[in-house]
Amino acid sequence: MAIRTRFAPSPTGYLHIGGVRTALFNWLLTRRLGGQFILRIDDTDAERNRPEALQPILDGFRWLGIDWDEGPEVGGPFGPYFQSQRNHLYVEAALRLLDQGHAYPCYRTKEELEAERRQAEQAKRPYVHRGEHRDTPPAENRRLYDARPTALRLKVPLGQTVVLNDLIRGRVEWQTDLLGDPVILRPDGRALYNFATVVDDVAMRITHVIRAAEHLSNTPIQMLTYQALGEPTPLFAHVPVVNEPKSKKKLSKRDMGKFVTPEVRAKLRAVGWTDAQIDSRDDLNPATVAFYRELGYLPAALVNYLGRLGWSLDDKSEMIPLEQMIAHFSLERVNDAPASFDPDKLYWLAGEYMRLLPVEERVAGVIPFLQRAGLIGPTVDAGVRDRVRRVVEAMGDRLKLFSDILLYAAPLFRPEPVYEPAAVQKRLKKPGVPELLWAFRERLAAVPSFEAPALEELLRRFCEERGIAAGLLIHALRVSTTGTEVGPGVFDCLAILGREEVLRRIALGLRQAAAG
RNA sequence: GGCCCCGUCGUCUAGAGGCCCAGGACACGGCCCUUUCAAGGCCGCGACACGGGUUCGAAUCCCGUCGGGGUCACCA
């Protein structure tokens with residue numbers, strides 16, 4: 001059976017982490033079962049939409065490798081895929097409901113409704129709106145509406161129980177008596193989300209509506225709308241929401257600024273963003289996909305992480321390659337409790353994926369970060385590329401994110417080390433160390449091969465001769481040539497720097513030690 | 001507040017009556033390895049929200065309580 005699922009974001013200018021997770025579940029199911037995954041843009045709220053706000057969303061999906069069979073830029077047989085271009089269909093459907101007595105005109109003003117609501121609230125009674133023309137004959141209602149267009153409401157049938165058999169949550173029911181008659185068309189003829197969605201899902205032959213659990217309460221109204229329209233209801237699956245890290249609060253689209261913590265800001269600055277840039281972009285925070293791309297996460301890791309958030313393959317699989325995820329994804333194994341987003345685990349997974357990545361791809365991924373940090377120029381010739389490759393190889397699995405290259409490798413690209421006083425103090429200013437280093441420097445000047453294994457052998461023999469611990473010299477060597485105590489293996493660093501530079505830097509380091 | 005959903009280690013989860021005095025992963029702590037940092041190895045910490053049932057037997061079924069969340073628009 002070919003299934004059809006859809007994800008319907010509104011163009012907000014960024015791709016939200018929770019949204020992608022929902023989209024991913026839709027996508028995985030269609031890829032597994034065979035069918036179409038449709039992207040539809042819910043832009044009925046014209047005031048809030050900017051045309052340029054769509055691109056970041058499409059870019060985000062493409063970066064993650066989540067492709068759509070129908071939708072923006074690819075088209076499809078059920079287009080257009082923008083709700084703002086489909087309003088005539090909603091009007092047509094609403095009018096049909098009006099003629100059939102499933103909808104009626106409502107002349108209440110917003111103010112009147114508000115007053116009613118408040119009154120009900122004070123009386124501690126649930127507010128359920130029933131318009132005065134509910135039971136007016138359809139033909140009469142049509143005349144009223146044509147004479148004086150106004151909002152159209154769906155006539156919710158009384159005394160019924162709406163039963164949903166949700167694919168994730170099981171049986172859920174609602175009493176229609178507690179459901180107010182919802183507006184489906186505004187006085188100016190624009191449809192409301194709840195109605196447009198149903199009309200579109202019918203028109204686009206959607207078979208499975210897989211969406212965030214926050215839509216669960218919309219479902220009875222939508223099911224009644226299908227009924228009124230005389231259409232079969234699709235299957236529904238409500239995916240639990242994604243919560244903030246270590247929290248039970250929904251990872252909200254609003255108020256994302258609070259995720260830009262000092263640590264997050266520091267990370268962004270480390271990869272070359274200025275405070276002004278960070279503040280001017282509302283999508284640079286951990287609740288968006290763009291953030292992870294900017295920090296150099298591998299998209300496969302994000303997909304794996306998100307797929308595993310609320311869904312599991314079995315009792316132990318954590319790293320689940322996409323192929324496997326597609327082969328085994330099922331809604332039955334989606335957890336029905338909310339899940340908190342865990343940045344630590346994502347980071348771990350990113351590292352796991354990085355170590356699987358061929359060196360050439362790592363080099364390619366790292367270059368933009370080096371360029372933005374100004375450590376290499378805009379053009380990358382063979383020589384630069386080769387040096388980058390050597391650094392990447394030396395970094396080994398210290399590189400979990402592409403941006404991690406900036407953490408340890410900067411001294412290897414800068415013309416001179418930036419000496420950390422504490423490191424100099426601890427490793428160079430020890431009694432006897434400067435002399436030792438100076439003596440070893442002479443050996444380095446004379447050693448025939450300047451490759452890492454040869455250098456290590458040279459140093460070990462040197463230390464053995466003198467009966468000193470190799471560590472002493474190693475640390476001094478690292479600090480004098482890189483200025484810091486952390487980094488890739490010191491012999492790799494020396495080999496990358498090259499003889500001349502190493503000799504120069506040792507002298508430089510020694511001068512530092514003598515000075516301060 | 002009404003309606004609805006949810007409740008296993010800090011976090012993600014396994015668990016569909018006995019395999020569970022609850023398994024894995026991330027994080028955390030310790031030790032080992034070691035030239036730093038990573039990585040790796042070993043060990044440890046750590047949960048069935050609570051209370052009643054049902055049953056020979058319950059994390060698993062039922063009821064209640066408590067707690068958390070979602071949603072209540074002429075937003076999406």
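Per chain, numbering begins at 1; letters A, B, ... match sequence-line order.
The side chain of A:S312 approaches B:U13 more closely than any other nucleotide in the set B:U13, B:U35, B:C26. Candidate nucleotides B:C12, B:C74, B:C37 were compared by shortest atom distance to the side chain of A:S340, and B:C12 ranks first.
The existence of a salt bridge linking A:K155 and A:D181 is excluded, since no basic side-chain nitrogen approaches an acidic carboxylate oxygen closer than 4.0 Å.
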Return a table of donor-acceptor pairs under 3.5 angstrom between the side chains of residues 389-399 of chain A and protein atoms on other chains or two or more places apart.
residue: A:R389; atom: NE; partner: A:E360; partner atom: OE2; Å: 2.5
residue: A:R389; atom: NH1; partner: A:D386; partner atom: OD1; Å: 2.9
residue: A:R389; atom: NH2; partner: A:E360; partner atom: OE2; Å: 3.1
residue: A:R390; atom: NH2; partner: A:E451; partner atom: OE1; Å: 3.4
residue: A:R398; atom: NH1; partner: A:A394; partner atom: O; Å: 3.4
residue: A:R398; atom: NH1; partner: A:M395; partner atom: O; Å: 3.2

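Put simply, the side chain of A:K345 and the base of B:C12 share a donor and an acceptor less than 3.5 Å apart. For A:E318 against B:G24, a side-chain-to-base donor-acceptor contact under 3.5 Å is present. Evaluation of atom-type donor-acceptor distances gives a pair under 3.5 Å for the side chain of A:R398 against the base of B:C37.
For RNA chain B, the neighbouring residues in residues 487-494 of chain A, judged by any heavy atom under 4.0 Å, are A:G487, A:P488, A:G489, A:V490, A:F491.
Look at A:H215 and the base of B:A76; the rings stack, centres closer than 5.5 Å and planes less than 30° apart.
Counting non-hydrogen atoms of neighbouring residues, nucleotides and ligands closer than 6.0 angstrom, the CD atom of A:E112 exceeds 12 such neighbours. Within a 6.0 Å sphere centred on CD of A:E114, other residues, nucleotides and ligands contribute more than 12 heavy atoms.
Where A:S317 and A:N243 each meet RNA chain B at their nearest nucleotide, the meeting point lying more 5' is that of A:S317.
Between B:G40 and A:R355, a contact under 4.0 Å exists linking OP1 or OP2 to a side-chain N or O.
Within 4.0 Å of A:L407, counting heavy atoms only, lies no atom of the nucleic acid at all.
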